[in-house]
Engineer: 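Below you will find the structure I want to go over with you.
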Amino acid sequence: MRAFPIPPALREYARVFKDAGRQAWLVGGALRDMILGKKVNDWDVATDAPAQEVARMFPRVIPTGIQHGTVTVLWKGLTIETTTFRVDGDYGDGRRPDSVTFTSDIREDLRRRDFTMNSLAYNLETGELLDPHGGREDLAAGLVRAIGDPVERFTEDGLRPLRAVRFASQLDYRIDPGTLAAIPRTLENFRRVSVERVRDELVKILLSPRPSYGLKLLEDTGMLPDILPELSACRGVEQKGFHRFDVLDHSFLSCDGAPDRIELRLAALLHDIGKPAARVEGPDGLPTFHRHEELSARGTEEALRRLKFPNAVIASVSHLVRHHMFAYDDSWGDAAVRRFLARTGPENLEDLLALRLADAYGTTGERPDPRGLDPLRRRVEDLLGRSRALSIKDLAIGGNELAALGVPRGPVMGRILAELLETVLDDPELNTSERLLDIARRIKEKYGV
Ligand code: ATP
Ligand code: MG
């Protein structure tokens, strides 16, 4: 039997179980990833000890789901999800077992798990490896295969079909034909899964090496319209010109082309969802999508809110989507570059450039030369070196100074400040209190205040 690279801290953790006369089996993703020679982050352990007992065995424990037998043990830098052997009861709502029955038999526990590759167990004390469902064989063949009858297993828990796609996408595996065929037959159960669980799997699909593969599986199995209907609406929306693909394939490919951060993957995936609504056929018969980015940004916000993404993610993804349409060339004057920065925020420049490259990849299917963006980068660096005044709060004078000139606080003051900013974006040299006060006096007269 091959030796697994078990960290010393995990061996120490396992010794606590041995001393208590209990078993500790490494299971789940950690074991799978070790067999595949991948880096492990989270550890899953199955034990015959009840959760209450585990909680007493260690000093730092999070009661993750005591009633389902799960506690999270924090031990010397490791996070170890520790679950009592169990047999799941009925999944009345297709979401989580109504009841769980605990068992003292690890083999019974392995039978309730979802896929063969997730049903191995490695005894941390004796080194015994259990693989009752042929998980290693499927890992070697690159197959995601449900344990037992896939329709039954997907009916029990509607999240499993989505997990099947997630694992296929993360590992670049195929889904066994029987398992794949069960997905369209159990969509009703999938539709009852909580949005948080769906979102977490979606994130893992999007962060996988080639998300387009997982996304295409979601479409082919019928799950996509329930997760992101606004994407399904992009199928068959043809584009012309440089574009080789319809809007949906373009979106999938753009997602592949984005760096593996969730904000960027989401922005690349959703940046064109406004196109079906924005599409207008020109007199030449060619479609145009004038100002689709605004519709895309609003649709993005709505979709991400529905999927309960954190507000910060929603804000930054919709901001990127709203501003993804720019085509810099050296005819842009300094004021144009400053206005672009004032609109988008210099802190978002690198993300916008990454989105630009992803979009270009999704258009042609070929990696664009990233050096194409260097001229804009240099330009921005140069301009920011000379002036960082890009918003009202950067102006040399503010509300207090205007009030001292006799401008009442309110909408007119806001408009004057906005005009001062426009002036400074045109010519940053004017951003001194003396010159701005002078200009403010003239604007004030124009407004008659
Ligand atoms: P990851 O690397 O994402 O953590 P994982 O396989 O460890 O992958 P977890 O969600 O941490 O996934 O679950 C740990 C184990 O619990 C799985 O390997 C599987 O054996 C079992 N499991 C998790 N979710 C389900 C489910 N919905 N149905 C059946 N078994 C499941
Ligand atoms: Mg895990």
Side-chain angles (χ1 to χ4, degrees), residues 10 25-47 62 64-65 68-73 78-98 100-101 103 106-122 129-136 138-139 144-173 179 182-183 186 189-190 192-194 196-209 214 223 262:
L10 193 66
W25 295 82
L26 187 60
V27 292
L31 184 54
R32 188 186 66 229
D33 291 344
M34 275 202 297
I35 291 172
L36 295 173
K38 293 189 169 191
K39 193 178 162 295
V40 175
N41 297 315
D42 301 308
W43 303 87
D44 296 298
V45 166
T47 178
I62 303 166
T64 316
H68 293 104
T70 303
V71 295
T72 304
V73 176
L78 300 182
T79 304
I80 311 159
E81 189 136 307
T82 311
T83 304
T84 313
F85 298 159
R86 62 178 220 219
V87 194
D88 292 349
D90 276 351
Y91 284 73
D93 59 356
R95 296 162 83 163
R96 66 184 78 77
D98 297 335
V100 299
T101 311
T103 165
I106 175 74
R107 286 170 188 276
E108 274 193 293
D109 177 272
L110 294 180
R111 214 166 19 240
R112 63 124 180 136
R113 293 177 182 271
D114 46 7
F115 303 108
T116 59
M117 62 175 176
N118 290 343
S119 71
L120 290 97
Y122 173 77
L129 183 68
L130 297 179
D131 181 12
H133 305 286
R136 273 173 303 178
D138 284 339
L139 279 172
V144 180
R145 185 201 307 271
I147 296 172
D149 176 44
V151 171
E152 230 168 77
R153 302 309 310 285
F154 290 176
T155 307
E156 271 171 15
D157 178 359
L159 184 69
R160 289 177 188 151
L162 183 55
R163 281 173 62 87
V165 169
R166 184 262 275 201
F167 287 119
S169 191
Q170 279 183 321
L171 299 168
D172 198 18
Y173 280 15
T179 301
I183 300 181
T186 54
N189 299 79
F190 165 65
R192 289 208 293 268
V193 174
S194 78
E196 290 86 352
R197 293 176 86 201
V198 170
R199 175 203 58 211
D200 290 349
E201 296 297 325
L202 176 67
V203 166
K204 289 179 180 177
I205 292 171
L206 294 183
L207 292 179
S208 58
M223 287 188 279
I262 191 61

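When a residue number appears, it is its place in the shown sequence, counting from 1. Note that ligands are numbered from 1 as they come in the structure, with each ligand's atoms numbered from 1 the same way. Model, not experiment: these values are computed from the prediction.
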Engineer: Short N/O distance, under 3.5 Å, between R166 and ligand 1?
Structural biologist: yes
Engineer: Is any NZ, NE, NH1 or NH2 atom of the basic residue among D44 and R32 found under 4.0 Å from an Asp or Glu carboxylate oxygen of the other?
Structural biologist: no
Engineer: Which of the numbered atoms in ligand 1 are below 4.0 angstrom from a heavy atom of G29?
Structural biologist: 5 (P), 6 (O), 7 (O), 18 (O)
Engineer: Can you confirm, on distance only, whether ligand 1 has an N/O atom lying under 3.5 Å from any N/O atom belonging to D33?
Structural biologist: no
Engineer: Going by distance alone, is a donor N or O of one side chain under 3.5 Å from an acceptor N or O of the other, for T186 and T155?
Structural biologist: no
Engineer: Ignoring hydrogens and geometry beyond distance, is a side-chain donor-acceptor pair present between T70 and T83 at under 3.5 Å?
Structural biologist: yes
Engineer: Taking distance alone, with no angle check, do K204 and ligand 1 share an N/O pair under 3.5 Å?
Structural biologist: yes
Engineer: Is it true that F167 lies under 4.0 Å from ligand 1, counting heavy atoms only?
Structural biologist: yes
Engineer: With heavy atoms under 4.0 Å as the rule, classify the contact between R163 and ligand 1 as side chain, backbone, both or neither.
Structural biologist: side chain
Engineer: Taking the N/O/S atoms of D44 one by one, which is nearest to the Mg ion (ligand 2)?
Structural biologist: OD2
Engineer: Heavy-atom contact under 4.0 Å between E156 and ligand 1?
Structural biologist: no
Engineer: Spell out, as yes or no, whether a donor-acceptor pair under 3.5 Å connects the side chain of T116 to the backbone of I147.
Structural biologist: no
Engineer: Could you tell me whether a side-chain N or O of R145 sits under 3.5 Å from a main-chain N or O of F115, the two making a donor and an acceptor?
Structural biologist: no
Engineer: Does T64 use its side chain to pair, donor to acceptor, with the backbone of I62 at less than 3.5 Å?
Structural biologist: yes
Engineer: G28 heavy atoms, cut-off 4.0 Å: which ligand 1 atoms fall inside?
Structural biologist: 18 (O)
Engineer: Only heavy atoms of D157, strictly under 4.0 Å: list the atoms of ligand 1 that pass.
Structural biologist: 26 (C), 27 (N), 28 (N)
Engineer: Strictly under 4.0 Å, does any heavy atom of L159 approach an atom of ligand 1?
Structural biologist: no
Engineer: Keeping Y173 on the side-chain end and V165 on the backbone end, is there a donor-acceptor pair under 3.5 Å?
Structural biologist: no
Engineer: Quick one: does R153 get within less than 4.0 Å of ligand 1, heavy atoms only?
Structural biologist: no
Engineer: Determine whether L120 and I35 make a side-chain contact, defined as any pair of heavy atoms from C-beta on separated by less than 4.5 Å.
Structural biologist: yes
